[in-house]
Every structure is written in C-alpha cells, then in structure tokens.
Participant: 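Below: one structure in structure tokens.
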Amino acid sequence: MTTRWTRKDLLGLRELSADEINFILDTADAFKQVGTREIKKVPSLRGKTLVNFFVEPSTRTRTSFELAALRLSADVINISATTSSLTKGETLKDTARNLEALHADIFVLRHGSAGAPQFLANRLKASVINAGDGAHEHPTQALLDLYTIREKRRQIAGLHVAIVGDILFSRVARSNIFGLLKLGARVTLVGPSTLVPREFEKLGVEISHKIDEVLPKADVVNLLRIQHERQRREYFPGIGEYIRFFGLTKERAKLLKADCLIMHPGPINRGVEIDSEVADGLHSVILNQVTNGLAVRMAVLYLCGGISA
Amino acid sequence: MTTRWTRKDLLGLRELSADEINFILDTADAFKQVGTREIKKVPSLRGKTLVNFFVEPSTRTRTSFELAALRLSADVINISATTSSLTKGETLKDTARNLEALHADIFVLRHGSAGAPQFLANRLKASVINAGDGAHEHPTQALLDLYTIREKRRQIAGLHVAIVGDILFSRVARSNIFGLLKLGARVTLVGPSTLVPREFEKLGVEISHKIDEVLPKADVVNLLRIQHERQRREYFPGIGEYIRFFGLTKERAKLLKADCLIMHPGPINRGVEIDSEVADGLHSVILNQVTNGLAVRMAVLYLCGGISA
Amino acid sequence: MTTRWTRKDLLGLRELSADEINFILDTADAFKQVGTREIKKVPSLRGKTLVNFFVEPSTRTRTSFELAALRLSADVINISATTSSLTKGETLKDTARNLEALHADIFVLRHGSAGAPQFLANRLKASVINAGDGAHEHPTQALLDLYTIREKRRQIAGLHVAIVGDILFSRVARSNIFGLLKLGARVTLVGPSTLVPREFEKLGVEISHKIDEVLPKADVVNLLRIQHERQRREYFPGIGEYIRFFGLTKERAKLLKADCLIMHPGPINRGVEIDSEVADGLHSVILNQVTNGLAVRMAVLYLCGGISA
C-alpha cells in the first residue's frame with residue numbers, strides 16, 4: 001500500500017477511500033501494541049494540545065479520546081457545553097477561533113448539529129476530529145468497529161454484517177454503512193420500518209424488518225443503542241414491542257452462526273437491545289471494541305495531528 | 001517487619017491486619033519526604049491510568065487522590081456521576097468494565113452504596129480503591145488519621161481516642177474504629193444515643209453520651225462532620241441542641257489534656273462541631289491531616305497499583 | 001531595567017509600578033517564543049501544582065491559565081464552584097487552606113466578590129493570581145491588552161486609548177485604566193452616562209458620551225462586552241439603543257484612523273458591541289489578544305510561582 005495520510009481532519013467515513021480507511025486501521029495496529037507495554041506512552045504528540053469539546057455529553061467517547069491523547073503525550077483540555085462560553089451566546093466559530101488562538105492543535109468535537117465539525121474544519125488550521133455530529137457521522141466509532149471485525153475475522157470483504165435498531169437517527173449506523181461498503185462487506189439493516197426506511201437501499205444496503213431471517217446468515221450483528229431521547233414518539237412502539245420483535249434474546253441468539261460476532265457501541269441497555277447473558281457471552285466482542293477504540297483514536301490523532309503540525 | 005503488600009484493592013480497614021496497616025503507614029513516610037522536595041514527582045506510576053470515579057461529589061477527596069496520582073506520574077481521568085453514562089441507565093459494572101477495557105489501571109470509587117467498591121473489585125483486574133462507600137468505610141481517611149496520630153505521638157497503642165458526633169451514619173468512624181483497635185488504641189464513641197447506639201460496643205469500643213466526661217481523658221478527639229443531608233430528621237435534635245451538648249466550644253476545650261490532638265475529616269462547620277478558634281488553635285492537627293492524606297494516598301496507589309500491574 | 005520581581009501574588013494593576021508591568025511584559029516576550037516551537041513546553045514549574053479555582057464560570061480564562069500552566073510543565077487541578085466543598089458550606093478560607101495543605105503552589109481564583117483574592121493572598125503562603133474578582137480587577141486581561149498594544153505599536157506612552165461600554169461594572173476597564181495610565185497612555189472612557197459616570201475622571205481619565213467624537217482620535221479602541229447579567233435594568237436602555245449610540249457599526253468603523261487597533265476581551269456579541277465584519281477586519285487584534293494571553297499568563301505564573309517556591 002502506498003497511501004499516505006494527507007487530511008488534517010476526520011469528519012466522516014463517506015469521504016474516505018478504502019485505502020485511507022485501511023491505512024488508519026494499519027496505524028491502529030501499531031498503537032495497539034503500545035497498550036500492552038509496561039509504559040503505555042509514546043512521545044508522538046508531546047507539546048501539542050488537544051481540546052475535547054463536547055457540546056453533547058459522553059463519558060465514554062470523551063474518556064477514550066482523552067486517554068488516547070495522554071498516551072500520545074499530548075496535553076488535554078476538556079470543555080463541556082454547560083461550562084463553555086456558548087452559554088454566554090458566543091458562536092461555535094468564535095469559541096473555536098479563540099481556542100485556536102490559544103494554539104490548540106486538535107479539536108475533538110461532539111455536537112448535536114450535523115455538519116458542525118465540517119464547519120469548524122473549513123475555518124481552522126487546527127485538526128478537527130468528529131466525535132459524533134447529530135444524526136450524521138461518528139467516524140471513530142465505525143473505525144473501531146471495522147478494526148474489531150478485521151482483527152477477529154482477518155478481512156472484511158465478503159462478510160455479511162447486520163446492523164439492527166434505530167438506523168434512521170443513528171450516526172453510528174451511517175458511518176458503519178459507508179465504511180463497510182467501501183471495504184467490501186454486504187450490509188443488511190434490520191429494524192421496524194419507521195426506523196429503517198426503504199430510502200437506505202440507495203446507499204447500497206439491504207433492508208429487513210425480520211431479524212429472525214437475518215441472524216442465521218450474518219457474520220457480524222451490530223446492535224445499536226435504543227436512544228429514547230433522540231426518538232420522537234411516533235417512530236417507536238414501546239420497549240416491550242421492540243424487544244419482542246428485534247431484541248437479541250437468548251432464544252434468538254441460538255440462530256447465530258457459531259463464529260458470528262456480536263457488537264454494540266455501548267452503553268448497552270441490558271435486556272433491551274440484547275439479553276444480559278448474550279452481552280457477556282462468547283459471541284460478544286463488545287469490550288474488544290472499547291479497547292480497540294483507544295488504538296483507533298490514537299491512530300487518528302497521530303495521523304491528523306501530524307498534518308496540522 | 002516482614003509484611004509485603006499483596007492486595008490489588010483497598011476496600012476497608014476491617015479486613016487488614018495490623019501489619020498491613022503499619023506497612024501502608026511506613027510507605028507513606030517515604031512519600032511524605034517527596035512532598036518536601038523541589039520537584040515533587042516520582043515516576044512510580046508513569047504510563048498508568050487512574051480513574052477518579054465519583055458518583056457522590058467530593059472536592060477534597062477527589063483532589064487529594066488526583067494530586068497523589070499526579071505526583072506518582074500517573075495519568076488521571078475524572079468522571080463524575082452527572083457526566084457519566086450512569087445517567088443513560090448503564091450499570092456500575094458495565095461502566096467499570098468499559099473503563100477497564102480502556103486499560104485503566106486503578107479505579108478510585110466514591111459511591112453512595114455500601115459495598116460498591118467490593119462489587120467492582122471482584123469483577124475487575126484493575127485495582128479498586130474505596131474513597132467512601134455509603135455508611136460503610138472510608139479507609140484512606142482513617143489511614144491518614146492513623147498516620148497523623150502516629151506522627152504526632154510516635155505510637156498509637158495505648159492512646160485513648162474519642163470519636164464524637166454522627167457515628168451511626170459515618171464511614172469515617174467505622175474505618176477509624178477498625179484501624180484504631182487493630183493498632184491497640186482504646187476508643188470511646190461520643191454523641192447522642194440516637195447517633196451512637198449501644199450496638200457499637202460489640203466492636204470493642206466504649207460508648208458515652210457525655211462529652212464533658214470524656215474530654216479530660218482523651219489523647220485524641222476526632223470530631224465528625226454533622227452531615228445534615230445523610231441524617232434523617234428523627235435522629236437529630238437540631239444544630240443548637242447539638243452544639244450545646246456535643247460541640248467543642250472554647251469552654252469545653254479547657255477540659256482537654258495539654259497534648260490532646262483535635263482532628264476533623266473536614267470540611268469543618270465552624271461554630272458547630274468545633275469553635276472556630278479551637279479549630280485553628282494549638283491542639284488542632286486538622287491541616288496536618290490534609291497534608292498527610294496526600295502521602296497516605298500516594299502509598300495506597302503505589303502499593304495497590306504495583307499489584308494490579 | 002533593574003527591576004526584579006518580588007511579589008508572590010498578582011492581585012491587580014493598581015498596586016504595580018510601571019517597571020513591574022514592563023517586567024511582566026518583557027518576560028511574556030520570552031514565553032511567546034515558546035509558543036512558536038515544535039515542542040511548546042518548558043520545565044519551569046515542573047512538580048508544582050496549580051489550582052484553577054473558579055467560583056464564577058469562565059471557559060476562556062480558565063483554559064488560558066490551564067494551558068499556560070501545562071506549557072510550564074505544572075500539574076493542574078480544576079475546581080469549580082458547583083463541585084467544590086463551598087456547596088457544603090465551607091468558607092473560602094477553609095477551602096484554600098485545605099488546598100494549600102495539599103501543597104498546591106499557585107491558586108488562580110475567579111470570584112464574584114471584589115477582594116476575595118486579596119483575602120486569600122494574605123492568608124496563604126501559596127501564590128494567588130486574580131483571574132477576575134467582582135467589579136474590581138482582572139489584571140491578566142489588562143496585561144494581555146497592554147502586551148498586544150505594545151507589540152503592535154512598539155510603545156504605549158503617548159497613545160490615545162478609548163474604552164467603550166459598561167465601564168461602571170467592568171473589572172477589565174479598571175485594570176486597563178490603571179495599567180494604561182502608569183505606562184503613559186491617554187485614556188478616554190466612552191458610554192452612556194449611567195455606565196460611565198463622572199467620578200471616573202478622578203482616576204485621571206477623560207469621559208465622553210459621544211463615540212463618534214472619540215473614534216477619529218483614538219489609537220486603540222477597546223470594546224467591552226455588554227454583560228446583561230451583571231447590569232441592573234435601570235442602567236441600561238436596551239440592546240437596540242446601545243447599538244445605535246455606541247455599537248462599532250460598519251459605518252462608524254469608517255471614522256477610525258488607518259492604524260487604529262480594535263480590541264475586545266471576548267466573548268464578543270457580534271452585532272452588539274461590534275459589527276461582525278469589523279470584528280474580523282483589518283483593525284481587529286482580538287485573536288492576537290487571546291494568543292498573547294497565553295504568553296502573559298505564562299509570565300505571571302512563572303514570576304509569582306518562582307517567589308512562592
């Protein structure tokens with residue numbers, strides 16, 4: 001592979017080539033080794049400053065980026081919406097330009113509005129990493145999902161991946177769809193028709209409203225979190241209904257191939273998307289995803305941070 | 001002494017031997033020296049990650065652990081209840097397993113439920129340090145109290161220690177009782193009968209409801225914070241009443257032995273548990289406790305962190 | 001210049017000599033170079049601990065101090081009012097003495113009450129840096145303003161500086177007035193008579209209620225943020241009125257000298273104090289101020305931290 005990384009930002013997987021995605025995953029391989037050493041730090045970003053700018057709260061993604069940056073020896077500043085000047089009526093652009101004027105090198109942005117990271121990336125010399133923007137993309141989540149699949153199954157091309165749940169509002173689903181298709185997987189979206197509308201077929205995926213038909217054929221089942229907060233009432237019949245038709249119960253888990261991988265971006269709702277025992281069972285790679293997220297984020301920060309330097 | 005440290009967790013003093021407690025205090029002696037140097041950092045935990053996971057808020061304990069970890073060159077991640085995924089309905093266990101999957105090496109946990117640290121310690125390879133769990137234990141607070149007494153009086157065996165106030169709901173009192181008795185002190189609990197019930201005698205302590213009889217005989221008086229929030233109305237007659245019967249007023253301070261030590265875990269309510277001048281007077285070692293807390297927590301993190309490695 | 005720095009605290013510009021102010025600005029020059037290096041850290045405060053203690057929230061000032069401290073290799077602990085023991089009824093003095101007992105070396109304090117930093121400075125061996133106290137002073141903001149003017153215009157003596165807006169309630173205005181006059185500038189305060197009362201003339205400044213008469217003569221125009229929250233209704237006619245009489249509109253910007261500098265402490269209200277295009281235009285040095293704030297705060301922490309050591 002002769003790809004070299006040329007982007008200062010990571011905004012989404014839609015715009016990346018398969019080569020670029022593979023290059024990130026290969027770089028993550030190297031950083032995963034660092035996590036097994038006695039001293040888990042490398043000096044790659046020493047003297048650089050990363051700003052974790054989370055306008056929507058998230059413990060796990062914020063923590064993962066913070067740890068990744070600390071492992072790379074960067075300094076980390078955490079800013080959350082409630083404590084930021086945004087509450088004084090300042091615009092996102094002004095806040096970002098001010099932080100850039102403080103010589104921040106990398107912004108990790110989580111924001112409720114689709115496109116907010118792109119908006120910043122166009123205006124700042126610093127790197128902008130999208131940590132989830134509205135219902136648009138969550139590229140590092142999809143990259144860690146791809147990394148985990150590749151690690152367990154050696155290659156992604158030809159695998160059949162089912163993504164189950166609230167597709168319509170899911171940035172995780174969107175980023176996964178783009179990444180999986182680019183790397184040659186077959187993707188089936190599964191869920192009630194209100195949450196998995198036919199329009200998605202245009203992206204190149206299949207649609208199913210019957211999980212029991214899909215489970216026996218899937219190499220990977222990626223269960224999305226049922227996020228009540230972001231779903232309007234009319235899309236969603238109720239938790240009991242959801243479990244009955246789409247929950248990965250112990251009964252349904254019997255339909256899975258022996259080597260099928262169960263994934264979930266977390267935090268899991270035990271007993272809703274997935275039965276508690278299944279979540280902790282042999283198919284599950286949910287905690288591997290978390291560990292791999294650190295390596296993937298180290299790779300992304302290292303690559304993008306190297307360009308903005 | 002031939003004791004070596006073999007525990008990955010510090011959950012309470014009840015389960016520790018006198019040798020183990022003394023070993024922590026001796027280790028703290030070495031770390032206290034570090035605090036007097038020009039450069040107060042040692043590389044003992046370099047590359048390790050400590051997660052300060054405070055489900056109940058606490059500035060001083062969190063800050064003390066954070067500073068202790070920074071002095072040991074660890075990386076520190078702070079997570080508080082309000083910002084954590086717990087608010088999304090995730091269980092404590094799942095949050096912890098996720099943080100462990102991020103290669104966190106040490107968890108410092110404050111939690112409203114007695115036993116939460118034990119629950120985590122059983123399930124994680126990482127070290128778990130109890131920073132206060134419900135009304136159960138607060139071992140590092142008791143260790144710093146023991147350290148301060150030993151530092152000022154050379155040895156603890158044979159000393160008479162009075163613990164005054166809300167014993168019934170106090171994890172500080174419980175950890176102190178276990179530690180003091182193991183090291184050979186005589187302990188008298190003082191307070192209204194609703195807050196200092198007779199059952200405590202089974203632990204091997206004496207009970208008194210008359211502070212004026214105890215003060216002249218005590219070598220150490222440890223005043224607990226009156227914590228309105230955790231006390232139900234029926235246990236507690238009112239602040240004025242409490243001061244009148246149990247407050248360490250200027251008048252009562254005259255009853256103290258010349259070398260009696262006054263301790264308080266803080267934050268103090270000036271004019272309630274203790275008169276403001278007495279708090280700042282010659283008997284008081286309250287600020288020594290704070291300084292020693294740093295050394296004791298460095299010792300605990302160093303010892304437990306060394307086992308989990 | 002033979003001045004050496006002898007203060008452990010920076011509480012305000014009123015008490016500083018011109019030599020002391022210039023010494024800080026010269027020290028900041030050296031630190032500004034550090035910000036242009038590949039590795040932006042120097043070991044000056046390695047092993048020291050800075051506590052950012054913000055009883056009033058502020059993203060930008062807190063972040064600037066945090067970054068400045070990290071660049072000097074200090075450890076930083078952030079404490080905000082809502083998470084601090086202050087909510088448990090502890091006094092400011094007790095909180096500070098406890099943090100000092102933890103060997104914190106430098107306190108950066110933002111507080112709603114004028115004089116709070118002085119109160120602490122008198123009681124602590126540690127350094128206290130005022131990051132804004134009520135309507136009293138905000139010395140590092142004024143120092144970065146002075147630094148920016150000096151950088152752009154080589155010297156401050158003889159320049160005519162207009163400060164526009166809410167002078168009555170502004171700690172930024174007060175610190176700027178003291179600093180500018182000591183360094184030989186001419187100062188005109190501009191705003192409605194309710195916010196710019198005649199008493200200010202006693203400080204040695206001029207007063208104007210007509211911005212259009214001042215703009216053509218000014219070398220620097222420093223626009224203060226209109227802070228609704230701190231202004232009582234009777235002082236203030238309404239935003240529309242304010243813009244009409246005192247806003248730096250595109251039309252008014254035509255009155256400026258070609259080399260006039262436009263400053264603002266941020267966060268700016270685009271379209272209120274200043275037109276959006278003017279804020280981003282050639283006169284504006286607003287983002288330079290932010291960058292210079294880092295260098296100035298590094299200088300202040302370095303100088304005061306060196307004394308408290």
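No hydrogens, no waters, no symmetry mates; every other heavy atom, side chains included, goes into these values.
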Participant: Please give me the minimum heavy-atom distance between A:Ile79 and C:Arg62, naming the atom from each residue.
Facilitator: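 Looking at all heavy atoms of both residues, the closest pair is CG1-NH2, 4.3 Å.
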Participant: Restricting to non-hydrogen atoms, name the atom on C:Glu66 and the atom on A:Val76 that form the minimum distance, rounded to 0.1 Å.
Facilitator: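 Closest approach of C:Glu66 to A:Val76, heavy atoms only: OE2-O, 4.0 Å.
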Participant: Might you confirm whether atom CD of A:Glu15 has over 12 heavy atoms from other residues, nucleotides or ligands at distances under 6.0 Å?
Facilitator: yes
Participant: Please look at A:Leu45 and chain C and tell me whether the side chain, the backbone, both or neither of the residue comes under 4.5 angstrom of a heavy atom of that chain.
Facilitator: neither
Participant: Could you tell me which portion of C:Arg37 (side chain, backbone, both or neither) has an atom closer than 4.5 angstrom to a non-hydrogen atom of chain A?
Facilitator: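 Neither part.
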Participant: Evaluate the side-chain contact (heavy atoms from CB on, under 4.5 Å) criterion for residues A:Leu99 and C:Arg60: first the C-alpha distance (whole Å), next the side-chain angles of each, then the deciding distance (0.1 Å), finally the verdict.
Facilitator: CA-CA 8 Å; A:Leu99 291 166; C:Arg60 79 182 50 220; over 6 Å; no
Participant: Hey, could you give me the CZ/CG distance between A:Arg97 and C:Leu287, rounded to the nearest 0.5 Å?
Facilitator: 4.5 Å
Participant: Name the region of A:Asp94, side chain, backbone, both or neither, that has any atom closer than 4.5 Å to a heavy atom of chain C.
Facilitator: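 Interface part for A:Asp94: side chain.
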Participant: Start with the C-alpha distance between C:Lys40 and A:Asp105, add both sets of side-chain angles, then the distance that settles salt bridge (Lys or Arg N to Asp or Glu O under 4.0 Å), and finish with yes or no.
Facilitator: CA-CA 11 Å; C:Lys40 302 184 184 71; A:Asp105 302 288; 3.6 Å; yes
Participant: So, C:Thr291 side chain and A:Leu102 main chain: donor-acceptor pair closer than 3.5 Å or not?
Facilitator: no
Participant: Quick one: pull up CD1 in A:Ile77 and CG in C:Leu67 and give me the separation to the nearest 0.5 Å.
Facilitator: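 The CG atom of C:Leu67 is 4.0 Å from CD1 of A:Ile77, to the nearest 0.5 Å.
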Participant: Regarding C:Arg71 and A:Thr49, do their side chains bring together a donor and an acceptor under 3.5 Å, going by distance alone?
Facilitator: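 Judged by distance alone, the side chains do pair up.
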Participant: Taking atom CZ of A:Phe53 and atom OG1 of C:Thr63, what is their separation to the nearest 0.5 Å?
Facilitator: 9.5 Å
